[in-house]
Engineer: 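Once you've had a glance at the structure underneath, I'll fire off some questions.
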2 protein chains.
Amino acid sequence: MPLKNTGTEQHIKDTAKRLLFAEGKLHATTQEIADAAGVNRTALHYYFRSRDQLIAAIFQEAMQDLSQRLNECMTADQPFKAKTENIIAVFLRHMIAFPYQETFLVTEINTLGKKLITNIQSGPVKSYLEEAADEMKKGTIEKMHPAHFLMNLFSLLSYPLIMAPLYQKLFQVSGKDFKELVNERAKIIINLLFKNQ
Amino acid sequence: MPLKNTGTEQHIKDTAKRLLFAEGKLHATTQEIADAAGVNRTALHYYFRSRDQLIAAIFQEAMQDLSQRLNECMTADQPFKAKTENIIAVFLRHMIAFPYQETFLVTEINTLGKKLITNIQSGPVKSYLEEAADEMKKGTIEKMHPAHFLMNLFSLLSYPLIMAPLYQKLFQVSGKDFKELVNERAKIIINLLFKNQ
DNA sequence: TTTTTGTTAGACAAAATTGTTAAAATAAAA
DNA sequence: TTTTATTTTAACAATTTTGTCTAACAAAAA
């Protein structure tokens with residue numbers, strides 16, 4: 001029973017991730033995914049049995065990746081501000097590569113989502129929130145419910161990238177100029193969240 | 001040629017809006033919409049000819065509504081901070097009622113979106129951005145590219161509501177508690193965006 | 001009342017999409 | 001080289017969803 005493992009299975013998953021999470025084709029059909037991967041549509045069923053299971057597989061994989069990296073950041077042995085800068089860098093990089101992943105999560109939350117959300121670890125988040133509360137006492141960040149601090153952070157990180165096409169129109173800037181704006185975000189966000197002493 | 005106008009057409013549109021933009025059933029079928037509206041599916045085709053045209057109609061109507069209200073806020077004869085507080089109030093109210101509308105825009109941007117985005121008025125936004133630039137000179141808000149200011153504003157407003165189901169899980173709070181958090185947002189956002197002198 | 005116009009309903013057709021089956025191709029192991 | 005298990009393909013079937021057609025129904029106008 002030697003599995004040949006030609007890499008087709010992973011290739012299909014990677015292609016599906018690109019289509020769905022990077023290019024935003026959230027309703028891509030099995031045919032479209034197969035075509036993009038350069039395989040016969042039946043291969044999708046051979047490896048994943050059904051479209052739903054393929055989707056579930058790539059989503060789980062992507063969430064695993066992301067939440068693991070974030071958890072590493074959050075539990076790292078670092079001062080709070082440096083830690084936050086690191087989270088920003090990691091998350092921004094992810095959002096630039098896969099801007100539609102969160103949107104997918106939200107739109108599919110009623111079907112796939114509910115199950116997958118349940119196994120999100122809230123431990124690392126909790127300890128990060130406690131550190132934030134400490135900082136508020138120290139006065140390095142504004143006093144508020146720690147949940148607000150985290151919502152602010154993720155909002156400022158995610159939303160501009162989710163809405164990129166809209167904002168490019170609204171601000172009448174080119175894709176290149178918008179990229180520059182995005183590159184400035186890390187600094188802007190830190191300045192906004194932390195009191196400059 | 002007296003149109004009976006039993007209100008069915010608007011009723012179908014309102015139901016579709018509720019399903020898609022409020023409840024987040026972004027792939028609702030014509031059958032589901034018809035059922036929810038309590039009409040025969042044929043009525044949808046009678047009034048709108050096709051599913052696509054129904055969707056286009058409700059989306060255009062919703063965007064018109066929102067952008068008109070925002071434009072009114074942005075061009076109102078008010079000091080900048082009061083104006084911004086007003087934008088926050090209007091936009092928050094809208095996001096609470098129709099949290100999925102923006103998500104829909106993003107996911108459908110490749111099909112319907114592109115056409116509809118083109119007729120977004122950038123005039124009022126431009127003048128609001130100029131006012132923001134003035135405030136930066138005055139020093140009431142942090143100096144940055146004005147686009148960042150607007151992105152910050154909309155990010156802080158929209159994202160927590162888009163991600164509501166996720167955050168409730170992450171913070172382990174009840175729906176009621178989360179509502180309270182949302183009610184605090186307006187104040188939090190103003191505090192974050194404006195330097196407290 | 002009859003006619004006209006507008007609205008609703010049921011049955012049917014077409015299209016798009018997913019899923020299944022069986023056979024051919026491929027590559028490693030015996 | 002033959003065997004064996006795995007991978008890929010083509011043809012077909014089932015399902016879901018959308019769209020059309022025709023007839024029934026309701027209400028205002030002639």
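So you know, we letter chains A, B, ... as the sequences are listed, proteins then strands, and number each from 1. Computed from a predicted structure; not experimentally measured.
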Engineer: Any salt bridge (charged side-chain N to carboxylate O under 4.0 Å, His left out) involving residues 84-100 of chain A? Give me the pairs, sequence neighbours left out, ordered by first then second residue.
Structural biologist: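 The answer is none; no pair qualifies.
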Engineer: CZ of A:Arg51 versus P of C:dT17: gap in Å, rounded?
Structural biologist: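 Distance, rounded to whole Å: 10 Å.
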Engineer: Measure CG/A:Asp52 against C1'/C:dT17 and give the value in whole Å, please.
Structural biologist: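 Taking CG of A:Asp52 and C1' of C:dT17, I get 12 Å after rounding.
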Engineer: So how far is it from A:Glu32 CD to A:Arg41 CZ, rounded to the nearest 0.5 Å?
Structural biologist: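 The distance works out to 12.0 Å.
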Engineer: List the steps, then state whether ring-ring contact (aromatic ring centres under 6.0 Å, His included) holds for B:Tyr167 with B:Phe171.
Structural biologist: CA-CA 6 Å; B:Tyr167 280 141; B:Phe171 300 139; 5.4 Å; yes
Engineer: Is any side-chain nitrogen or oxygen of A:Thr30 closer than 4.0 Å to OP1 or OP2 of C:dG19?
Structural biologist: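 Checking A:Thr30 against C:dG19: no side-chain N or O falls below 4.0 Å of OP1 or OP2.
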Engineer: At what distance, to the nearest 0.5 angstrom, does CG of B:Leu20 lie from CG of B:Leu54?
Structural biologist: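 These two atoms lie 8.0 Å from each other.
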Engineer: Among residues 11-21 of chain A, which contact DNA chain D at a heavy-atom distance under 4.0 Å?
Structural biologist: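 Going residue by residue through residues 11-21 of chain A, none turns out to have a heavy atom under 4.0 Å of DNA chain D.
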Engineer: With B:Cys73, which of B:Thr84, B:Val90, B:Ile88 fulfils side chain to side chain contact (heavy atoms under 4.5 Å, CB included)?
Structural biologist: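 Single pass found, and it is B:Val90.
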Engineer: Quick one, which residues of residues 35-46 of chain B touch DNA chain D with a heavy atom under 4.0 Å?
Structural biologist: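 Correct list: B:Arg41, B:Thr42, B:His45.
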Engineer: In whole angstrom, what separates A:Gln10's CD from D:dT7's P?
Structural biologist: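 A:Gln10 atom CD is separated from D:dT7 atom P by 14 Å.
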Engineer: Could you tell me how far apart B:Gln31 (CD) and C:dA11 (P) are, to the nearest whole angstrom?
Structural biologist: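 That distance rounds to 14 Å.
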Engineer: Suppose we screen for side-chain contact (heavy atoms from CB on, under 4.5 Å). Which residues come up paired with A:Glu180, at least two apart in sequence or across chains?
Structural biologist: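 Scan of A:Glu180 (side-chain contact (heavy atoms from CB on, under 4.5 Å), adjacent residues dropped) gives none.
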Engineer: Would you say A:Ser50 places a side-chain N or O within less than 4.0 Å of OP1 or OP2 belonging to C:dT18?
Structural biologist: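 A:Ser50 to C:dT18 OP1/OP2: no side-chain N or O under 4.0 Å.
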Engineer: Can you check the A:Gln53 CD to C:dT18 P distance for me, whole Å?
Structural biologist: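 Rounded to the whole Å, the gap is 14 Å.
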Engineer: Please collect all salt bridge (charged side-chain N to carboxylate O under 4.0 Å, His left out) contacts where either partner lies in residues 136-158 of chain B, sequence neighbours excluded, each pair once.
Structural biologist: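 Listed once each, the pairs are B:Glu135-B:Lys138.
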Engineer: Roughly how many Å is it from CD1 in A:Ile33 to C1' in C:dG19, rounded to a whole number?
Structural biologist: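 The answer, rounded to whole Å, is 15 Å.
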Engineer: Just the rounded figure in Å: distance from C1' of C:dT18 to CG of A:Leu54.
Structural biologist: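 It is 13 Å, rounded to the nearest whole Å.
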Engineer: Could you tell me if the ring centre of A:Phe149 sits under 6.0 Å from that of A:Phe80?
Structural biologist: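 Under 6.0 Å, so yes.
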Engineer: Using the salt bridge (charged side-chain N to carboxylate O under 4.0 Å, His left out) rule, collect all pairs that involve residues 10-20 of chain A, keeping only residues at least two apart or in two chains.
Structural biologist: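 Listed once each, the pairs are A:Lys13-A:Glu61, A:Lys17-A:Glu61, A:Arg18-A:Glu23.
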